[in-house]
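Notes to accompany the following structure.
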Amino acid sequence: MFGTDGVTGMTGPQDRDGRDGTATPGAERRTTRWRLGVAYDGTDFSGWATQPGLRTVQGVLEEWIRQVLRLTEPVQVVCAGRTDAGVHARGQVIHVDLPDDAPVETLERRLRRVLPRDVVVTDARPAPNGFDARFAAIWRRYVYRLNDGATAMDPLLRGHVVSARRPLDVDRMNAAAPVLIGLKDFAPFCRRHEGATTIRTLLDLHAVRDHRGDIAYTVRADAFCHSMVRSLMGAMTAIGSGKRDRDWLVEVMTSPVRHPEVEVMPARGLCLEEVGYPPDDELAARVVQARSKREVDEL
């Protein structure tokens, strides 16, 4: 679940590379960056990122944006955080650079008419100066939902709630959470990618029971590496069930690589709920900071 690479840019007239100023040679249309809110049911998607021959959220959005605006060239959307196959979103944020002479003011209404029922554009507006859906984000908040048998599973939520194998002690899970809070190396919970860091700042990790008796587990961090949230949930459910304890979690955190005893929980319980951004006048600086850090990580 990492952000998709995208171009930075400023709102206003732009060339097709998303940069302010004079158009590059061969550019035919000036563009403006737009910010869109997106929600989707991930059940029938092969994740966010475009993949040949597979149905993905990015692929569906790019195709329908191109069609409703009658563009002759492909568009590229950039999201705040890529989601895996089966993961849902209520608060995904994307940006896309669109030609100024296209009927963009009607984009939201048109997309709501034509998009498949499992993906919705919740709002569309010109982005503020310096906005980048991925690099301007300062945190992402996910919620993982579990049913541990305290109440009967609602069959209407079976694609969004995971059945736990054993009853879970929410207080026990919350008592262990401070072990993971803060700036740490989450290599024990991540699928390593060559050149990418596994150091993240975990800002919030807590569980509550909702009005149905299901467990809603909130996880918020500056960013996430691949499979991190579902692996954290695997560790916390092991603690909540009594199978493991806090000392085990401390030991897990010392591992320099993915820990073999940490289970990766099913995707369907996970939903991207919200993405946080700084004030508009701090967006450009945030993008520079995040892009610079990313480049250092990938050296």
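Everything numeric here is computed off the predicted structure, so don't read it as measured data.
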Within a strict 4.5 Å, meaning less than it, do heavy atoms of the [X] and [Y] side chains meet?
X: Phe189; Y: Leu180; result: yes
X: Asp280; Y: Asn129; result: no
X: Leu157; Y: Arg212; result: yes
X: Gln67; Y: Val114; result: no
X: Phe131; Y: Val93; result: yes
X: Pro103; Y: Arg110; result: yes
X: Val87; Y: Leu272; result: no
X: Phe45; Y: Thr83; result: no

Exercise for the section: Sort out for me which residue in Asp148, Thr151, Asp214 forms a side-chain hydrogen bond (donor to acceptor under 3.5 Å, both in side chains) with Arg209. Expected result: Asp148

Exercise for the section: Check the side chains of Glu261 and Trp248 for a donor-acceptor pair under 3.5 angstrom, ignoring hydrogens and angles. Expected result: yes

Exercise for the section: Consider only side-chain N and O atoms of Asp185 and Thr198, and report whether a donor and an acceptor are under 3.5 Å apart. Expected result: yes

Please check this pair: side chain of [X] against backbone of [Y], looking for a donor-acceptor N/O pair closer than 3.5 Å.
X: Asn174; Y: Ala207; value: yes
X: His95; Y: Ala133; value: yes
X: Glu273; Y: Arg90; value: no
X: Thr254; Y: Glu251; value: yes
X: His88; Y: Gly42; value: yes
X: Arg244; Y: Ser241; value: no
X: Glu274; Y: Arg141; value: no
X: Thr56; Y: Gly59; value: yes
X: His160; Y: Cys271; value: no

Handout entry: Ile138 and Glu282: CA distance, side-chain angles, deciding distance, side-chain contact (heavy atoms from CB on, under 4.5 Å) verdict
Key = CA-CA 11 Å; Ile138 53 176; Glu282 298 176 14; over 6 Å; no

Following the transitive rule for hydrophobic clusters with a side-chain heavy-atom cut-off under 4.5 Å over Ile, Leu, Val, Met, Phe, Trp and Tyr, establish whether [X] and [Y] coincide in one cluster.
X: Tyr144; Y: Val161; result: no
X: Ile215; Y: Val208; result: no
X: Trp139; Y: Val78; result: no
X: Leu232; Y: Met173; result: yes
X: Ile181; Y: Phe224; result: yes

Practice task
Dump the intermediate steps for side-chain contact (heavy atoms from CB on, under 4.5 Å) on Val219 and Met233, then the final yes or no.
Solution key: CA-CA 9 Å; Val219 187; Met233 290 302 94; 3.7 Å; yes

Nearest heavy-atom pair of [X] and [Y]: which atoms, and what distance?
X: Leu146; Y: Met265; value: CD2-CE, 3.8 Å
X: Arg258; Y: Cys190; value: CB-O, 3.6 Å
X: Arg82; Y: Ala49; value: CD-CB, 3.7 Å
X: Ser163; Y: Met153; value: OG-CE, 3.1 Å
X: Val275; Y: Gly91; value: CG2-O, 3.6 Å
X: Ala102; Y: Glu105; value: O-OE1, 4.2 Å

Taking atom [atom1] of [X] and atom [atom2] of [Y], what is their separation to the nearest 0.5 Å?
X: Arg33; Y: Asp132; atom1: CZ; atom2: CG; result: 5.5 Å
X: Met228; Y: Phe186; atom1: CE; atom2: CZ; result: 4.5 Å
X: Asp123; Y: Arg125; atom1: CG; atom2: CZ; result: 4.5 Å
X: Thr50; Y: Arg55; atom1: OG1; atom2: CZ; result: 12.5 Å
X: Thr201; Y: Asp222; atom1: OG1; atom2: CG; result: 4.0 Å
X: Asp169; Y: Ile239; atom1: CG; atom2: CD1; result: 11.0 Å

Practice task
Take atom CZ of Arg158 as the centre, draw a 6.0 Å sphere, and report whether it contains more than 12 heavy atoms from other residues, nucleotides or ligands.
Solution key: no

Exercise for the section: Using a cut-off of 6.0 Å, state whether more than 12 heavy atoms not belonging to Arg165 lie near its atom CZ. Expected result: no

Handout entry: Sidechain N-carboxylate O distance under 4.0 Å for Glu62, Arg66
Key = no

Problem - Presence of salt bridge, Arg191 and Asp84, under 4.0 angstrom - result: no

Handout entry: Identified side chain to side chain contact (heavy atoms under 4.5 Å, CB included) partner of Leu98 from the options Thr32, Val104, Thr31
Key = Val104

Practice task
May I have the step-by-step check of salt bridge (Lys or Arg N to Asp or Glu O under 4.0 Å) for Asp210 and Arg145, ending in yes or no?
Solution key: CA-CA 10 Å; Asp210 64 19; Arg145 292 176 172 85; 5.6 Å; no

Problem - Verdict with reasoning, Val77 to Trp48, per side-chain contact (heavy atoms from CB on, under 4.5 Å) - result: CA-CA 11 Å; Val77 302; Trp48 163 267; 3.8 Å; yes

Exercise for the section: Check step by step if side-chain contact (heavy atoms from CB on, under 4.5 Å) holds for Arg230 and Leu270. Expected result: CA-CA 8 Å; Arg230 291 192 286 142; Leu270 186 59; 3.9 Å; yes

